[in-house]
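Read through the structure below, which is laid out as structure tokens, and then see the notes.
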Amino acid sequence: MPQGSPTPPETPAALGLAGRRWTAALALLVVLAAALRLGVALATVDIPGDGPSRAALGYQWLEAPRLVRDGHWLPLGEVLLGLANLAIPDPLWAARAVSLAAGSASVAVLAILAAGLSGRPTGLATGFLLALLPMHVALSATALIDAPALLFLLLALLAARALARSARSTLPLLGLALAGALATGTRYEAWLLLPLVPLHQLLAGAGLKRALLALAALLPLPAFWTATALGGPSGLLSAFTYVTASGSSVGGGAVPPAEGLWLGSAKLVTVLGPASATLALAGLAAPLAATGRAGRADAMAGLLLLFGCLGLLLALAIGRGTSFVDRYALPAAVLALPLAAAAVREVWTAGRRGVVLAFALAAATALATWREPPQL
């Protein structure tokens, strides 16, 4: 094969996209996730804070549409929630409906990503753990933008994987551009995709041209926001500083790195659950077993994105101290779930043992969350 040509597509079974039983099981997981999140939404009230504030901004944008190019919050959260008001007149429920849909869909997307790395049983187990992850359930029932932003991030990873494997780049590239714009336009964590996705294309053997096309697909929104709202590259650091400094308004403040590491780690373990966190550590070696150049590239990209999110988590914990918000740990926790499932991939094919382990892991996470209820 000529150097720089795309890696041939792997079989559907290897990617976890074939098989009626697997598809039906995945659909049932999504239904379970949607029912659980809707039940929480109907049983709770979104108290004043970032969520209702974002819902109000979305409603205001619909009343007076504009090209958002100012502020510290990225622009597409405001636009997305504003457009949701076209379907649902109540601003708060319009925002919560976006989170409900995104949170439910994330279960399927993460399961497909995990299945491509470690097989369909592991993918289903990963989707099950996300469907019952208390923090994700809670955030999917709020007006906060965390659940939609996470979905867009996962979709961008899925599009990048398709781009590396496809002989024709047009459709995967359009998918990457759309998912990437939504991801980078809602949360700064997604800006990690800018160096990561081109690197993934190179590692997968897709060639320099495909890597540059991937970068071009991801760059427009970050470039626009950097030039208009941030006043240049240095403004990105200022925006991050603003987020960390805002903790002082609720009694927080910068802490020593060791204390920040302990605080951030404790929050992450609570969100992920001690059992799943332990398995995720053991699963760090699982990507080494990935087969094929594309498979190894997928595994490396997932690890690098996880480490990037962990780095941001640590920086926020150091900057905010006791005012660190638990939901900042969600992206790292979700990206760690495939590693936790891959660490015991053989168990998921063992029938009852796999079912028992899945429920035990979910129960351990629920218990940890119950003992230390998160601040959203």
Side-chain angles (χ1 to χ4, degrees), residues 1-18 22 109-127 153-169 172-173 175-176 179-180 183 190 192-215 217-218 279-311 331-332 334-349:
M1 180 182 297
Q3 186 177 9
S5 60
T7 303
E10 297 188 14
T11 63
L15 290 175
L17 300 176
W22 192 85
V109 179
L110 186 68
I112 292 171
L113 287 169
L117 292 173
S118 306
R120 290 183 297 198
T122 303
L124 284 179
T126 303
L153 179 65
L154 296 176
L155 286 173
L157 289 177
L158 195 60
R161 178 184 293 182
L163 180 63
R165 287 172 165 80
S166 177
R168 295 186 177 183
S169 63
L173 199 60
L176 178 62
L192 294 169
L193 294 171
L194 292 176
L196 182 61
V197 171
L199 176 62
H200 169 263
Q201 300 299 305
L202 292 173
L203 293 176
L208 179 60
K209 180 181 177 181
R210 193 68 64 93
L212 292 175
L213 285 173
L215 178 61
L218 292 169
L279 285 179
L281 285 174
L284 287 173
L288 298 176
T291 58
R293 186 171 181 177
R296 290 190 293 270
D298 294 343
M300 181 60 65
L303 276 178
L304 289 176
L305 183 57
L306 171 59
F307 291 151
C309 289
L310 288 173
V334 171
L335 291 171
L337 284 178
L339 294 177
V344 287
R345 58 186 299 179
E346 296 82 6
V347 178
W348 307 123
T349 59

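Atoms considered below: every heavy atom in the structure, side chains included; atoms not considered: hydrogens, waters and symmetry mates. Residues take their numbers from the sequence shown, with the count starting at 1.
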Matching residue for L158 among V109, L163, L110 - test: side chain to side chain contact (heavy atoms under 4.5 Å, CB included):
V109
Spacing of CD1 belonging to I112 relative to OG1 belonging to T126, to within rounding of 0.5 Å:
12.0 Å
Considering all heavy atoms, the nearest C309-P331 contact
SG-CB, 4.1 Å
L153 and V334, any side-chain heavy atoms less than 4.5 Å apart
no
To the closest 0.5 Å, what do you measure between CG (L339) and CG (L303)?
6.0 Å
Testing the basics here: between W22 and A115, what is the closest heavy-atom pair and its distance to 0.1 Å?
CZ2-CB, 3.8 Å
Quick test of your reading: applying side chain to side chain donor-acceptor pair (under 3.5 Å), list the pairs with at least one residue in residues 299-311, sequence neighbours left out, ordered by first then second residue.
none
Could you tell me if the side chain of T122 sits less than 4.5 Å from the side chain of P338, heavy atoms only?
no
side-chain contact (heavy atoms from CB on, under 4.5 Å) filter on L281, not counting sequence neighbours, yields L284
Sequence neighbours left out, cut at 3.5 Å: what donor-acceptor pairs do the side chains of residues 196-204 make with other protein atoms?
from, atom 1, to, atom 2, distance (Å)
H200, NE2, D298, OD1, 2.6
Q201, OE1, A164, N, 3.4
Q201, NE2, A160, O, 3.0

Test your reading of the model: is there a side-chain donor-acceptor pair from W348 to the backbone of L124, 3.5 Å cut-off?
no
Is there a donor-acceptor pair under 3.5 Å between the side chain of T349 and the backbone N or O of E346?
yes
Residues in side-chain contact (heavy atoms from CB on, under 4.5 Å) contact with V347, at least two apart in sequence or another chain:
V344, R353, L357
Straight-line distance of R345 CZ to L117 CG, nearest 0.5 Å
9.0 Å
Enter the distance from L304:CG to L193:CG here, rounded to the nearest 0.5 Å.
11.5 Å
Check A111 against G123 and note the closest heavy-atom contact, atom names and distance.
CB-O, 3.2 Å
Would you indicate whether the side-chain heavy atoms of L192 and F307 approach each other to under 4.5 Å?
no
Would you give the length of the straight line joining atom CG of L335 to atom CG of L157, rounded to the nearest 0.5 angstrom?
7.0 Å
Closest non-hydrogen atoms of A156 and A179, given as atom of the first, atom of the second and distance, are N-CB, 3.6 Å
